[in-house]
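Working notes, structure below.
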Amino acid sequence: MAPEDGFPPADATPGGAVACRLLLFRHAKAIAKDRPVRDFDRPLRKRGRSDAPRAGRWLADSGLQPDLVLCSPARRARETWQLAARALEYPPPAVYDERLYKTPPGDLVAVLAERGRGLASVMLVGHNPGLHELAVGLCGSGPPELLERLRTKLPTSALVVIDVPGGRRSLSSGSGTLVALWSPAD
């Protein structure tokens, strides 16, 4: 039976396999790269400061509560999560891990495997292209229109919800199902 939010619970799998739900959250819009600020220290611009709380409200309204947030320590990612978390009644703990800054998909999976052990739902807050490549690579099934949107682009402040029926141990190309995709344009 699905919860009120309409999303099936992350642990609902046939055959007793322990499923996991991944929420991938691209940081909100930051100041331009050509500014005299180190990339790691780029803050959110006005649009990003308004989009991040909207993403948090979408999470809250959808009932999508991760057990843990793994966040890049880059300023724009930290600010994104901190603004989004305010919309949640009980924000989950957040871990700021340097391995999530400008990281390729394979390394993101390694951090997930290490930090997300035993958890049903984990959120990664990070950067493109790694986050987008991870989402596209994992999603082997889902609604065709959402899969096409995901393949095309992962905009700033976008949230991708992926269920992996076989759990974190089975994270591999095409092993996930795209459950939802939200962006500020929605």
Side-chain angles (χ1 to χ4, degrees), residues 3 5 7-11 18-30 40-44 48-135 137-139 150 154-164 167-169 171 176 178-184:
D5 59 35
F7 296 107
D11 59 358
V18 178
C20 69
R21 175 167 283 160
L22 301 177
L23 294 93
L24 306 180
F25 189 5
R26 183 176 176 203
H27 68 75
K29 191 74 171 172
F40 188 86
D41 298 322
R42 289 175 34 220
L44 297 182
R49 288 191 308 272
S50 68
D51 286 347
R54 289 180 55 216
R57 285 190 297 279
W58 182 81
L59 279 172
D61 292 346
S62 300
L64 295 168
Q65 178 76 22
D67 299 318
L68 176 69
V69 172
L70 300 173
C71 186
S72 163
R75 181 175 176 180
R76 60 193 178 274
R78 287 190 330 257
E79 289 178 352
T80 297
W81 172 243
Q82 290 162 358
L83 289 167
R86 292 178 186 166
L88 302 175
E89 187 174 358
Y90 301 104
V95 173
Y96 299 92
D97 191 316
E98 290 189 21
R99 296 173 294 171
L100 300 176
Y101 176 63
K102 290 187 161 184
T103 303
D107 293 347
L108 293 173
V109 169
V111 173
L112 273 169
E114 175 190 320
R115 298 267 193 179
R117 200 170 304 138
L119 301 174
S121 180
V122 177
M123 175 184 283
L124 286 181
V125 183
H127 312 269
N128 274 356
L131 212 58
H132 186 217
E133 291 169 0
L134 177 62
L138 285 176
C139 291
L150 178 61
L154 185 63
T156 55
S157 297
L159 281 152
V160 181
V161 181
I162 304 168
D163 281 351
V164 183
R168 230 165 307 296
R169 287 187 175 168
L171 279 177
L178 179 58
V179 175
L181 172 59
W182 179 90
S183 75

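Please read all numbers here as calculations on a predicted model, not as lab measurements.
When side chains are defined from C-beta on, T103 does not count as touching H127, because their heavy atoms never get closer than 4.5 Å. Residues L100 and L108 form a side-chain contact, since some pair of their non-hydrogen atoms from C-beta on lies under 4.5 Å apart. Side chains of R99 and D107 form no contact here, defined as non-hydrogen atoms less than 4.5 Å apart. Within the 4.5 Å cutoff, the side chain of L23 has heavy atoms near those of the L59 side chain. Counting heavy atoms from C-beta outward, L22 and L124 have side chains that stay 4.5 Å or more apart. Side-chain atoms of Q65 and E89, non-hydrogen and from C-beta on, never get closer than 4.5 Å to each other. Inter-residue side-chain proximity for P104 and E133 is flagged as unmet; no heavy-atom pair is nearer than 4.5 Å. Put simply, the side chain of L64 does not reach to within 4.5 Å of the side chain of M123, judged on heavy atoms.
The OG atom of S183 sits 8.5 Å away from atom CZ of R54, with the distance rounded to the nearest 0.5 Å. A distance of 11.0 Å separates CZ in R21 from CG in D67, rounded to the nearest 0.5 Å. The distance from atom SG of C20 to atom CG of D163, rounded to the nearest 0.5 Å, is 8.0 Å. Considering CG of L119 and CG of L70, their distance stands at 8.5 Å, rounded to 0.5 Å. F25 CZ to L154 CG: the interatomic distance, rounded to the nearest 0.5 Å, is 10.5 Å. We find the CG-OG distance between L83 and S157 to be 9.5 Å, quoted to the nearest 0.5 Å.
Below 30°, between 30° and 60°, or above 60°: for W182 and W58 the angle between ring planes is below 30°, a parallel geometry.
Remark: side-chain polar atoms of R78 are paired, donor with acceptor, to backbone N or O of P73 under 3.5 angstrom.
Across V160 and A135, no two heavy atoms sit closer than the pair CG1-CB, 4.3 Å. Residue A87 comes nearest to R57 through the heavy atom pair CB-N, 3.5 Å, listed as atom of the first residue, atom of the second, then distance. Nearest heavy-atom pair, P66 versus P92, reported as atom, atom and distance to 0.1 Å: O-CB, 3.2 Å. Residues G48 and P53 approach most closely at O-CD, 4.4 Å, considering heavy atoms. For the pair L181 and L150, the tightest heavy-atom approach, listed with the atom from each and the gap, is CD2-N, 3.8 Å. When all heavy atoms of T80 and A28 are compared, the pair lying nearest together is OG1-N, 2.8 Å.
Checked by atom type, the side-chain pair H27/S72 shows no donor-acceptor distance below 3.5 Å.
A salt bridge is defined here as a Lys NZ or Arg NE, NH1 or NH2 lying under 4.0 Å from an Asp or Glu carboxylate O, and R115 with D97 meets this definition.
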